[in-house]
Amino acid sequence: MARVINFSAGPAVLPLEVLQQAQAELTDWQGSGMSVMEVSHRSKAFIRVAEQAEADLRQLLKVPDDYAVLFLQGGATTHFALIPMNLSSPEQPLDYLVTGSWSKKASKEAAAVRKISVVADGAAANYMDVPARGAWKLNGDAAYFHYCANETISGLEIHEPPAVGAVPLVADMSSTILSRPVDVSRFGLIYAGAQKNIGPSGLVILIVRKDLLQRAPADLPGILKYSAHAAEGSMLNTPPTFSWYIAGLVFAWLLRQGGLEKIGALNHRKAERLYQAIDRSSFYSNPVAKPHRSWMNVPFTLARPELDGEFLKQAEKAGLTNLKGHRSVGGMRASIYNAMTEEGVVALVEFMADFEKRQG
Ligand code: PMP
C-alpha cells in the first residue's frame, strides 16, 4: 500500500527518508549484525549516535553552551510534575499561563506538588485567544513562568516568547519545537515530547539552563533529578535508545533540509495556504484569534456539522487521513508538522474546495 497523507496530531508523520533509513539498517546496523535496539547504550557505537544527535540538535537550535540537553522519558506529562519538583522549592510561587488543555494540565500537575499561581486563564475567550499581556498577574519572585507555546488541541500558538522580566521562562514546545528558529537564550527550560516533530513517543527532550539544575531540593530521588541525568549524559539508567536513534535521524534530515530557517519558511507557507483556504470559504471556519493561529495544528469546522462524517469518509478515500478533530472540540484538525509536505497540504486544500463544491 502507498503511504497515506497523515494529518495525525501525534504520534505523527515522520519523514519518509528517515523511516526508510531505519528500515534499511534495522537488522544489521552499521555492519554490526544487530539492530540498534539490540546494542548496549554504553557501547561506543551507540554513544556516537547519542552524541551526534545532541550535537545536531544543538546546531539546529543554536543551543548556547550554558544549556544542558537531556533525552529523557515519560512523555511531556511526566515533566509537568518533574519541572516544578526540579526548578523550585515548596515555598516559592510558580506562575502558570493557561491558554488551553495542555497548559491547564501542566498547571494541575504542578499544583499537586507546589503552590502555583495562574497568572491568566483564557477560558472567557473559550481559549481561542491569549489573555492580554496587561491583565497577567505576575509574581515578581516566581521561580519560573510556565506556558504552552502551542496548544495542540485548539491550534493556538504563542509565536514569540512572552516578556516576563527576570523570571525564567519554561515552555512546553511539544507540538512546535523545531518548526522554526527560536532564541533558546530567552528560556530557562524548553521541553517537548517527541511524537510530533522529533520521533517516537515516550522520549522527551529538555533544553535547560545549567544554573537552574542546581535548584532541586536535596531530598528529590536521583532518578527524578534533572541534574543527576545531566551529570550522566542522560544515561543514568537505560535511555530509550531506539527513540534517541530515530530522533538523531530526524535531526540529520532537518539539517539536510537546510535547517530551521528553511523549514520555518516552509511551515509558514503551508499554514498560510490552509488558513487562506479556510478564510476564503464560507463553508469552513477557524475560530482562533489570527495572531495566535498555530503553524502546526489547524482546526476547522464545517458550516454543516452533519457533513463531518461524510467529509472524513471521503477524505480517507482520497488518502487524507487522521483529520478528525480532538474528541473535546469536534470538527476537523489538520496537523501539518515538519514531515508533512507542501504537496500534502495542497492535496488537502484541493480536497476541501472540491468537497465544498459538491456538498456545500
Ligand atoms: N503538551 C502538549 C502541547 C501536547 O500536545 C501533548 C500531547 N499531545 C502533551 C503535552 C502530552 O504529551 P505526552 O502524551 O507525551 O505526555
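These values consider heavy atoms only, across backbone and side chains, with no hydrogens, waters or symmetry-generated copies.
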Pair [X] and [Y], ring centroids less than 6.0 Å apart:
X: Phe283; Y: Phe300; value: no
X: His41; Y: Phe46; value: no
X: Trp136; Y: Phe145; value: yes

Around [X], counting heavy atoms of other residues, nucleotides and ligands shown, do more than 12 lie under 6.0 Å from its [atom1]?
X: Asp65; atom1: CG; value: no
X: Lys210; atom1: NZ; value: yes
X: Arg42; atom1: CZ; value: yes
X: Lys225; atom1: NZ; value: yes
X: Glu261; atom1: CD; value: no

Would [X] end up clustered with [Y] when hydrophobic side chains under 4.5 Å apart are linked, directly or stepwise?
X: Leu323; Y: Val349; value: yes
X: Phe71; Y: Ile47; value: yes
X: Leu138; Y: Leu87; value: no
X: Leu254; Y: Val69; value: yes
X: Val182; Y: Met296; value: no

Using 0.5 Å steps for rounding, measure from the [atom1] atom of [X] to the [atom2] atom of [Y].
X: Ile190; Y: Tyr67; atom1: CD1; atom2: OH; result: 7.5 Å
X: Asn139; Y: Leu94; atom1: CG; atom2: CG; result: 9.0 Å
X: Asn267; Y: Glu342; atom1: CG; atom2: CD; result: 10.0 Å
X: Ile336; Y: Arg269; atom1: CD1; atom2: CZ; result: 12.0 Å
X: Leu203; Y: Ile205; atom1: CG; atom2: CD1; result: 5.0 Å
X: Gln195; Y: Leu14; atom1: CD; atom2: CG; result: 10.5 Å

Beyond-backbone contact of [X] with [Y], side-chain heavy atoms, under 4.5 angstrom:
X: Phe251; Y: Leu60; answer: yes
X: Met352; Y: Ile278; answer: yes
X: Phe7; Y: Met340; answer: yes
X: Leu212; Y: Tyr226; answer: no
X: Lys196; Y: Asn338; answer: no
X: Leu266; Y: Lys262; answer: no
X: Phe187; Y: Tyr144; answer: no
X: Gln359; Y: Phe311; answer: no

Side chains of [X] and [Y], donor plus acceptor under 3.5 Å:
X: Gln30; Y: Ser32; result: no
X: Gln314; Y: Arg358; result: yes
X: Ser103; Y: Glu151; result: yes
X: Asn297; Y: Tyr337; result: yes

Is a side-chain donor or acceptor of [X] paired with a backbone partner of [Y] at a separation under 3.5 angstrom?
X: His229; Y: Ile223; value: yes
X: Asn126; Y: Met128; value: no
X: Asn86; Y: Leu82; value: yes
X: Arg333; Y: Ala9; value: no
X: Asp183; Y: Ser185; value: yes

Step-by-step side chain to side chain contact (heavy atoms under 4.5 Å, CB included) determination, Glu38 to Trp29:
CA-CA 10 Å; Glu38 299 168 299; Trp29 176 62; over 6 Å; no
For the residue pair [X] and [Y], what are the closest heavy atoms and their distance?
X: Thr301; Y: Gly331; answer: CG2-CA, 4.3 Å
X: Asn286; Y: Pro299; answer: ND2-O, 2.8 Å
X: Asn6; Y: Ala12; answer: ND2-C, 4.4 Å
X: Val63; Y: Leu57; answer: CG2-O, 4.3 Å
X: Trp253; Y: Ala339; answer: CH2-CA, 4.3 Å
X: Leu61; Y: Val184; answer: O-CG2, 3.5 Å

Step by step, work out the side chain to side chain contact (heavy atoms under 4.5 Å, CB included) result for Phe242 and Leu26.
CA-CA 10 Å; Phe242 189 71; Leu26 188 69; 4.2 Å; yes
Quick one: sort the His146 and Tyr96 rings into parallel, tilted or perpendicular, breaks at 30° and 60°.
parallel
For the residue pair His79 and Tyr191, categorise the inter-ring angle as parallel (less than 30°), tilted (30 to 60°) or perpendicular (more than 60°).
tilted
Would you check, one step at a time, whether the test side chain to side chain contact (heavy atoms under 4.5 Å, CB included) holds for Asp308 with Leu302?
CA-CA 7 Å; Asp308 282 3; Leu302 275 51; 3.7 Å; yes
Begin with the C-alpha distance, continue with both residues' side-chain angles, and end with the deciding distance and a verdict on side chain to side chain contact (heavy atoms under 4.5 Å, CB included) for Val288 and Tyr127.
CA-CA 8 Å; Val288 177; Tyr127 298 113; over 6 Å; no
Side-chain donor-acceptor pairs of residues 153-178 under 3.5 Å, sequence neighbours excluded:
unit_1 : atom_1 : unit_2 : atom_2 : d
Glu157 : OE1    : Ser294 : OG     : 3.4
Glu157 : OE1    : Trp295 : N      : 2.9
Glu157 : OE2    : Thr176 : OG1    : 2.8
Glu157 : OE2    : Arg180 : NH2    : 2.7
His159 : ND1    : Arg180 : NH1    : 3.2
His159 : ND1    : Arg180 : NH2    : 3.2
His159 : NE2    : Arg293 : O      : 2.8
Asp172 : OD1    : Ser174 : N      : 2.9
Asp172 : OD1    : Ser174 : OG     : 2.7
Ser174 : OG     : Gly193 : N      : 3.1
Ser175 : OG     : Asn150 : O      : 3.0
Ser175 : OG     : Asn150 : ND2    : 2.9
Ser175 : OG     : Thr152 : OG1    : 2.7
Thr176 : OG1    : Ser179 : OG     : 3.1

Would Glu109 and Lys105 count as a salt bridge (Lys or Arg N to Asp or Glu O under 4.0 Å) if you check the C-alpha gap in whole Å, the side-chain angles of each, and the deciding distance to 0.1 Å?
CA-CA 6 Å; Glu109 288 298 314; Lys105 279 195 181 158; over 6 Å; no
